[in-house]
Number of protein chains: 2
Amino acid sequence: MAAATIKDVAREARVSVASVSRALNGGGGVTAATSARIHAAAERLQYIPHAAARMLITRRTHTVGALLPDLYGEFFSELIRGIDLAARARGLHLLVSSSHGGATEAAAAVRSMQGRVDGLLILSERVDTAFLRANLPKALPVVLLNSAVSGPAFHVINIDNHGGAVAMVRHLLQAGHRSVALIAGPPGNFDASERERGYREAMARYAPRAALTVVAGDFTEESGYRAGQQLLARTKRPAAVFAANDMMAVGCLAAFKDAGARVPEDIALAGFDDIPITRYVTPALTTVRVRIADFGRLALERLADVVEHPGQETPSADTLGFEIVVRDTCGGNKPEQNS
Amino acid sequence: MAAATIKDVAREARVSVASVSRALNGGGGVTAATSARIHAAAERLQYIPHAAARMLITRRTHTVGALLPDLYGEFFSELIRGIDLAARARGLHLLVSSSHGGATEAAAAVRSMQGRVDGLLILSERVDTAFLRANLPKALPVVLLNSAVSGPAFHVINIDNHGGAVAMVRHLLQAGHRSVALIAGPPGNFDASERERGYREAMARYAPRAALTVVAGDFTEESGYRAGQQLLARTKRPAAVFAANDMMAVGCLAAFKDAGARVPEDIALAGFDDIPITRYVTPALTTVRVRIADFGRLALERLADVVEHPGQETPSADTLGFEIVVRDTCGGNKPEQNS
DNA sequence: CTGAAAGCGCTTACAG
DNA sequence: CTGAAAGCGCTTACAG
């Protein structure tokens with residue numbers, strides 16, 4: 001037997017489908033007695049309104065889409081969790097889509113979500129203003145995460161890459177280290193460039209006479225290991241190393257250990273992200289913590305607001321707070337908070 | 001201006017909506033010339049078929065739902081990734097739903113996905129046969145992951161908890177350890193009980209005269225730490241410890257270190273899962289690896305098959321392979337493969 | 001308060 | 001090959 005439709009309920013309750021609709025959607029305009037009869041009939045028939053039919057007529061899907069480059073790893077895991085929790089709290093479904101290598105794929109993903117979602121959360125290196133104008137139906141609400149896109153056209157929420165980097169470099173400097181080197185992230189990456197900008201700014205401000213040392217990396221553990229070796233090979237070793245993310249810091253730490261350099265006695269080290277591994281390496285890594293789940297939650301709530309008040313919300317650029325987590329790799333012990 | 005509909009395209013191409021539908025869906029029955037005109041018109045209007053309308057008429061959503069207890073952590077992150085990759089390869093959308101504390105919530109989640117998905121992937125402790133019969137529309141294809149539900153009624157895919165545990169205990173025994181203790185997982189948990197069953201079976205088979213030692217745990221790092229302390233406090237320390245998951249093994253390792261017990265010289269240790277942290281603790285942890293992403297991929301493919309051939313697929317109970325990953329905590333060095 | 005009817009955007013027999 | 005028409009299951013003015 002096929003699933004019950006509104007017609008079945010109407011017949012069972014001896015009313016019109018219009019009344020069933022009104023009673024079940026609680027809009028009023030139905031006698032208490034009629035409503036009770038309808039609810040009883042719906043219950044008996046295990047009636048569940050057909051989602052597609054409702055979407056078609058109401059133009060609302062009660063679903064939001066999340067376009068992400070990947071679903072793997074600590075960062076995305078936490079991010080999705082935050083988004084999911086907030087969506088659930090608002091009664092929204094979550095449609096995910098990942099692995100958008102290039103702009104073409106991302107465009108296809110946007111198209112295919114068309115009509116299935118009330119709004120979109122997008123986190124992608126490939127997505128810029130031009131892309132959005134070309135591929136986004138103008139009516140579809142969007143919130144961009146960690147995006148370089150700025151300007152008044154779109155809602156954006158970013159991690160405070162710049163602020164976190166500034167604070168960490170200042171922390172290292174204040175802990176007594178005279179020189180701080182940076183292991184940079186991949187060229188062209190938004191997070192990476194913002195963190196480097198923070199490094200340069202903090203050095204200029206707090207240690208204007210110290211030399212800048214930037215070695216290349218690509219956010220992987222291996223690149224951190226190689227960077228650590230390079231740093232050690234220099235005639236003038238830096239007193240401290242700031243890796244643009246934790247995975248590189250972990251790799252760098254291994255390189256230091258393998259070379260017999262003691263951390264933090266011989267050289268200090270700090271990372272960015274506060275992934276779980278940082279607590280388990282020895283010594284435990286000092287790093288910048290960003291509350292990723294909050295990031296996702298905030299993004300979803302902003303999107304939901306935009307969906308509910310289309311056009312009313314003026315595009316905003318929010319930045320998420322961070323905190324410096326002092327563990328054992330940087331030799332200082334002045335905890336510092338910031339958010 | 002609102003999004004273009006099939007009517008707009010029909011008008012633009014000077015044909016009926018029926019022809020537009022046929023041309024765009026490639027079913028044939030349209031002249032090449034007409035088809036070209038229609039495609040051109042669709043292109044010009046940036047026409048994208050309305051998903052809800054199509055769902056309503058075709059009864060297909062091209063979406064699968066994933067009901068999970070949580071989205072957080074290495075396991076779910078990889079699982080979703082595997083599911084997502086396979087879904088994308090099949091052109092299916094993925095609707096996720098997590099945080100199903102109790103059966104009531106899970107039931108609500110199933111109901112709310114009704115009509116939005118062509119099939120469901122379910123991983124939940126709460127979901128048993130009775131639950132499924134009560135809450136699942138009989139027509140909705142389902143694949144159960146890591147579920148105790150058996151019998152011919154449902155498709156099930158499980159991790160080889162039992163086989164992995166047997167292999168690991170045998171490995172420890174073959175490495176020369178005379179006694180192996182188990183740090184068990186939470187009571188009532190399917191994975192935990194299967195792993196314990198494997199431990200008991202392997203001990204009975206390969207070390208029938210050795211004493212069985214089982215200390216309680218709940219899969220958390222803290223419970224592993226406490227279990228480690230308890231094990232050390234015993235008058236007869238076991239030669240080796242098999243923790244039912246990696247997080248407990250990591251906690252246990254910390255307890256051993258804190259107490260000055262050397263691993264593996266004084267006591268051997270092994271875990272289950274092969275989460276990333278296992279490679280970073282010192283010494284690196286020997287463990288059982290399960291290819292979680294493959295797990296998700298397989299589950300999705302099976303579901304997709306069931307969706308496409310409703311009723312034809314006979315319910316199956318598949319089990320995923322594993323491998324023993326020998327690192328530095330168990331003192332033996334006889335790599336062993338199994339899948 | 002209640003119902004008949006139109007319509008959301010599509011697909012698919014059914015004729016021609 | 002092509003089109004007119006019915007219908008998927010719902011909601012919402014519009015009358016009564």
Side-chain angles (χ1 to χ4, degrees), chain A residues 1-39 41-42 45-63 111-118 137 139, chain B residues 1-39 41-42 45-63 111-118 137 139:
Chain A
M1 109 203 146
T5 73
I6 196 171
K7 274 187 177 172
D8 300 318
V9 178
R11 192 182 312 118
E12 178 86 4
R14 303 168 169 286
V15 293
S16 70
V17 295
S19 290
V20 174
S21 179
R22 281 188 287 254
L24 263 29
N25 292 323
V30 191
T31 325
T34 312
S35 178
R37 214 165 70 241
I38 291 170
H39 276 96
L45 266 35
Q46 299 206 55
Y47 171 66
I48 298 178
H50 192 91
R54 197 174 242 171
M55 285 181 207
L56 182 57
I57 191 86
T58 63
R59 310 265 112 182
R60 273 300 201 86
T61 64
H62 295 286
T63 303
R111 286 175 57 97
S112 78
M113 285 220 171
Q114 174 93 264
R116 298 175 169 272
V117 299
D118 294 332
Chain B
M1 112 202 143
T5 73
I6 195 172
K7 274 187 178 171
D8 300 319
V9 178
R11 192 181 313 119
E12 178 86 4
R14 304 169 167 286
V15 294
S16 70
V17 295
S19 291
V20 175
S21 178
R22 280 188 288 254
L24 262 28
N25 293 323
V30 190
T31 325
T34 311
S35 179
R37 215 167 68 242
I38 290 171
H39 275 95
L45 267 36
Q46 298 206 52
Y47 171 65
I48 298 179
H50 192 91
R54 196 174 242 171
M55 286 182 206
L56 182 58
I57 193 84
T58 63
R59 310 264 112 184
R60 273 303 202 81
T61 64
H62 294 286
T63 303
R111 287 176 56 97
S112 77
M113 284 218 172
Q114 174 93 263
R116 298 175 168 272
V117 299
D118 294 332

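Convention: sequence-line order gives letters A, B, ...; per-chain numbering from 1.
Nearest heavy-atom pair across H62(B) and D118(B) is N-OD2, 2.7 Å. Nearest heavy-atom pair, V30(A) versus S35(A), reported as atom, atom and distance to 0.1 Å: CG1-N, 3.8 Å. Closest of all the heavy-atom pairs between I38(A) and A23(A) is CD1-CB, 3.7 Å.
From L45(A), atom CG reaches atom CD1 of I6(A) across 12.0 Å, with rounding to the nearest 0.5 Å. Put simply, OG1 on T5(A) and CZ on R11(A) are 7.0 Å apart, with the number rounded to the nearest 0.5 Å.
Looking at heavy atoms from C-beta onward, K7(B) lies in side-chain contact with V17(B) at the 4.5 angstrom threshold.
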Its contact letters, B for base, S for sugar-phosphate only and - for none at protein heavy atoms under 4.0 Å, make nucleotides 7-12 of chain C read BBBBBB

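The CZ-C1' distance, from R14(A) to dT2(C), rounds to 16 Å in whole Å.
In terms of modelled atom types and a separation under 3.5 Å, the side chain of R116(B) and the main chain of T63(B) share no donor-acceptor contact.
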Donor-acceptor list for residues 50-58 of chain A side chains, cut-off 3.5 Å, not counting sequence neighbours:
residue : atom : partner : partner atom : Å
R54(A)  : NH2  : N25(A)  : OD1          : 2.8
T58(A)  : OG1  : R54(A)  : O            : 2.6
T58(A)  : OG1  : R60(A)  : N            : 3.3

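Where pairing requires Watson-Crick or G-U contacts shorter than 3.5 Å, the helical stems of DNA chain D with at least three consecutive pairs are C:1-3 with D:14-16, C:5-12 with D:5-12, C:14-16 with D:1-3.
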